[in-house]
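The structure under discussion appears below in the form of structure tokens.
Throughout, protein chains are lettered first and strands after them, A, B, ... in sequence-line order, and every chain is numbered starting at 1.
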Protein chains: 2
Amino acid sequence: MATKTEIRRQELRDKLIIIAERTIAQKGLSALRARDLANEAGCAVGAIYNVFGDLTDLTLAVNARTFHRLGADVAEALADAPEDPVEQLVVMAQAYHRFAADNHLSWRALFDVERAPGEAAPDWYLAEMGRLFTYISDPLAVIFPDRDGEDLALLTRALFSSVHGIVLLGLDEASAGVSTENIDRMIALVLRQFARNPK
Amino acid sequence: MATKTEIRRQELRDKLIIIAERTIAQKGLSALRARDLANEAGCAVGAIYNVFGDLTDLTLAVNARTFHRLGADVAEALADAPEDPVEQLVVMAQAYHRFAADNHLSWRALFDVERAPGEAAPDWYLAEMGRLFTYISDPLAVIFPDRDGEDLALLTRALFSSVHGIVLLGLDEASAGVSTENIDRMIALVLRQFARNPK
DNA sequence: CGTATCATTGAACTACGTTCATTGCTGAGA
DNA sequence: TCTCAGCAATGAACGTAGTTCAATGATACG
């Protein structure tokens, strides 16, 4: 039974996610404020806590959407990529880079959200991460046909982490950021060199 | 002239840095509190602001020391490394990994400190970063003798960022962290593969 | 020694996230 | 339709931060 209360609850939940998403995208995670949120949503501050346990829960809901968009962008890039597995890796990594650059503050929020120590990442995060890893390990399995599953998993993680690091430090303008073209060049350098001459 | 006031000022400054360093190392940057700090230092909260502009300034002073220790560890590893330039890269990267693992919270504070948007990183940060980059680019110049300076700078940055990414995600236990041995394996994989068969 | 100057103090101020006693709706049963 | 038990919504209040500043105390120089 969808009571009037439950409908309103769901509507408020959606509205809060939309507003938080916009705030994070425009001003960053640190600009997310309970009172501003309530003002914009036209509700009382307390109402937020009827729908989300705390602001971190709301941030995680936004992050789930962000991560999903990121995964979709990478998947789309992969769909349009050439057959060559190395080029597939390059295209996906550059799609990752483009997403991070175009959605910088939202992308940062994926990693800046406070996580209670000792608590595992939420399921959707691990699932989405698993999807990304599959996109990477499939071409890798073609490039390195002799490696076993454990090796491929390690390679996959290593390459993802490398690309992530290049994008993370490259986009950090505080430490003299790198131009978009040079970030793409670094990504291509590392990936092409890495996939060269497999044994 | 070193007046009594200036001496006390310097002593308080040093004492605050020591306390903040211990707090960050043991409980993380988020546990750094002005009132606790004043309690431990035996001064008033306001005194902190006579010596540091705000808590971020204090954190930056701690970070400068942390970064310096990090650079020293990497330099020491390089001094003990074999002649082979590829192995030098591996040894340095694993020293970076070890430092991050052994000083996890202090190392995290290097990147978690709030930086005012649009403001450049402090000089000591850029200088220490430059030192690290030199350690990397020297072996790289041996491995890739035909690359010009700009190329080497890009390679240097790419490799540093890659290793940083591997360590960063590997040590993040929230997203199913990686064992110490596997992090070292990933580092060695990426670096050895990268330096293989240069053209 | 006196006193103008500057350091030191900690209560107060601001800005948060979060809670909870109160208020007001909702909807199932009479 | 009417009632009212229970639940949702409210926003003032609470706790905890960083930071400030008027009042106080020490300093150092003539």
Side-chain angles (χ1 to χ4, degrees), chain A residues 1-21 23-24 26-63 105 109 112-117 119, chain B residues 1-17 19-24 26-63 105 109 112-117 119:
Chain A
M1 59 167 177
T3 72
K4 198 181 271 187
T5 298
E6 279 171 22
I7 290 172
R8 210 170 24 193
R9 196 184 164 86
Q10 185 62 45
E11 280 174 354
L12 179 59
R13 191 186 154 85
D14 292 347
K15 198 193 284 186
L16 287 173
I17 290 177
I18 298 291
I19 295 170
E21 195 166 36
T23 303
I24 290 173
Q26 290 176 354
K27 305 187 201 163
L29 179 56
S30 63
L32 197 66
R33 246 137 236 157
R35 285 168 181 79
D36 295 351
L37 218 46
N39 261 340
E40 282 199 66
C43 70
V45 282
I48 297 170
Y49 294 86
N50 291 333
V51 176
F52 292 100
D54 55 25
L55 288 192
T56 297
D57 280 357
L58 171 55
T59 302
L60 287 176
V62 172
N63 280 355
L105 294 175
D112 288 346
V113 60
E114 310 212 27
R115 287 162 299 170
E119 188 165 354
Chain B
M1 59 166 178
T3 72
K4 198 180 272 186
T5 298
E6 279 170 22
I7 290 171
R8 211 169 24 195
R9 197 184 163 85
Q10 186 61 45
E11 282 174 352
L12 179 59
R13 192 186 152 85
D14 292 346
K15 197 193 285 188
L16 287 173
I17 291 177
I19 295 170
E21 195 166 35
R22 199 184 55 227
T23 303
I24 290 173
Q26 291 177 353
K27 305 188 202 164
L29 180 56
S30 63
L32 196 67
R33 247 140 233 153
R35 285 168 180 79
D36 295 350
L37 218 45
N39 261 339
E40 282 199 66
C43 70
V45 281
I48 298 171
Y49 295 87
N50 292 332
V51 176
F52 293 100
D54 55 23
L55 288 192
T56 296
D57 281 356
L58 172 55
T59 302
L60 287 176
V62 172
N63 280 354
L105 293 175
D112 288 345
V113 61
E114 311 212 26
R115 286 161 300 173
E119 187 167 355

Can you tell me if the side-chain N/O atoms of [X] get under 4.0 Å from OP1 or OP2 in [N]?
X	N	answer
R35(B)	dT19(D)	no
R9(B)	dC6(C)	no
R8(B)	dA26(D)	no

Can you tell me the distance, in whole Å, between the [atom1] atom of [X] and the [atom2] atom of [N]?
X	N	atom1	atom2	answer
D36(A)	dG17(C)	CG	C1'	13 Å
I48(B)	dG18(D)	CD1	P	9 Å
Y49(B)	dT20(D)	OH	P	7 Å
L12(A)	dC7(D)	CG	C1'	16 Å
R13(A)	dA9(D)	CZ	P	14 Å
L55(B)	dT16(D)	CG	C1'	14 Å
L29(A)	dC16(C)	CG	P	14 Å
I7(B)	dA26(D)	CD1	P	18 Å

State whether the side chain of R115(B) and the backbone N or O of D112(B) hold a donor-acceptor pair below 3.5 Å, judged by distance alone. no

Residue [X], side-chain atoms from C-beta onward, closest of [options]:
X	options	result
N50(B)	dA7(C), dG17(C), dA8(D)	dA7(C)
C43(B)	dT9(C), dT19(D), dT19(C)	dT9(C)
R33(B)	dT10(D), dG18(D), dG17(C)	dG18(D)

With a 4.5 Å heavy-atom cut-off, do [X] and [Y] have their side chains touching?
X	Y	answer
V113(A)	N63(A)	yes
V62(B)	L32(B)	no
L58(A)	L37(A)	yes

Give one of base, sugar-phosphate or nothing for L58(B), where a contact means two heavy atoms less than 4.0 Å apart. nothing

Just call it for L37(A): base, sugar-phosphate, or nothing, with non-hydrogen atoms closer than 4.0 Å on any strand. nothing

What's the separation between atom CG in L16(A) and atom CD1 in I48(A), rounded to the nearest 0.5 Å? 5.5 Å

Comparing L32(B) with G42(A), nearest DNA chain D nucleotide closer to 5' gives the residue G42(A)

